[in-house]
Every structure is written in structure tokens, then in C-alpha cells.
Amino acid sequence: MLCIAMPSFADRQPGSLSTVKVNPATGNVEIIHRLHTHDTELGIMAALDDRSLTMDQLVGRAQLALYIEDRFTIAVVDGDEIGAPLNLELLGAELDGEFVLVYQEFSGEIPATIYVRNDILRDVFPEQVNHVNLALGGNVRSLTFKDRDRWHRTSLE
């Protein structure tokens, strides 16, 4: 199935967009991961070796959310090293048109300097490009993960 679907990627490169921002109503930091449903289904089926997973079903979205939880991390800076990861709470996933959205939340303040890792579907699609927009502290920082990128360090000040 994956081999048959590969030519469809010629028009659109697989990728994701993750947005990290503060919810003004709660004060919590929200993380929203947005992926194209078709790419996501092919990728999650291959990554988890389960051809029955589909984003139309709750179990498929739940498996995707757990998969993303293992592949997206925000960590504190410890000197020049990657420190402890922040405890991001997984909230769930839903379909939104041709996209699937996965939600995480952090109830605390994000440190001024952090490391970010975004390996979503990069184990399945080597050409996958993941973007992270950090809209925190009055500024927006954009990070791009491609090729062999593992972690990006950024300052939010």
C-alpha cells in the first residue's frame, strides 16, 4: 500500500506544523500539531506496523497522539546540554477537514531558553519537514526540522 501511494507525494512534501502558544484564558501553554490526514495515515500505519489504523477512528487518532507524545519534546537547558524534558500533558486528537490535530498542554512557564525536538513521522518519511512556531513571550520563533536535525536550541527573549 505504501509503495502504491508514494507517487502522490510528488506534489506535496510530507510535513507537520506545531504551534506552541499561551492560552490567555487558562495561562497554560498549548501545543497543537497539525498534519495532513493522508500522510499521517500512511506514516502511522508504517511506523506502528498496523495497516488497520485510520484517522477516522478514535483508536487511530489515539495511537497517533501517543506516537507524537514520544517524538515531540521541549527540554530545559542545563549549561550547554539538553536538560530535563518539560512534562507535556497529552490532551487528544481530532480531525479538522483534511488535517488531523493533536493537542498537548503544559501548565507552567516555559524557560527563556529551551531545546526542542520534533521527530514526528521522520522515522517513516526521510523527506519529512517539521515546523515549530513558538509564539511565547511576545515573540514568534520558527524552527525547522529536516534531514538529520535532532534538537534545536532557541531563546524566547
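The structure presented is a predicted model; accordingly, all values stated were derived computationally and were not measured. Position 1 is the first residue of the sequence, and the numbers go up from there.
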If you look only at distance, which donor and acceptor atoms sit under 3.5 Å apart when one is on a side chain in residues 77-92 and the other is two or more places apart or in another chain?
none

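In summary, D119 and R150 engage in a salt bridge, as defined by a charged side-chain N under 4.0 Å from a carboxylate O.
Using a 4.5 Å cut-off between side-chain heavy atoms of Ile, Leu, Val, Met, Phe, Trp and Tyr, with links allowed through other members, I114 and W151 fall into different hydrophobic clusters. No continuous path of hydrophobic side-chain contacts links I44 to L101 [ILVMFWY only; heavy atoms under 4.5 Å].
For H36 and F99, the gap between ring centers is short of 6.0 Å.
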Determine, stepwise, if the pair R122 / D149 fulfils side-chain contact (heavy atoms from CB on, under 4.5 Å). CA-CA 10 Å; R122 294 175 67 213; D149 291 342; 4.0 Å; yes
Take N139 and L156, measure what side-chain contact (heavy atoms from CB on, under 4.5 Å) needs, and give me the verdict at the end. CA-CA 7 Å; N139 297 312; L156 302 173; over 6 Å; no
Assess the residue pair I74 and V29 against the criterion (side-chain contact (heavy atoms from CB on, under 4.5 Å)); give the C-alpha distance rounded to whole Å, side-chain angles, the decisive distance to 0.1 Å, and a yes or no. CA-CA 12 Å; I74 300 173; V29 176; 5.9 Å; no
side-chain contact (heavy atoms from CB on, under 4.5 Å), that's the test. Do S16 and L121 meet it? Break it down for me. CA-CA 9 Å; S16 72; L121 294 178; over 6 Å; no
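Counting all heavy atoms, side chain and backbone alike, P14 lies closest to E127 at CG-OE2, 3.6 Å. Across E41 and M55, no two heavy atoms sit closer than the pair OE2-N, 2.8 Å.
H131 pairs by the ring-ring contact (aromatic ring centres under 6.0 Å, His included) definition with nothing, not counting sequence neighbours.
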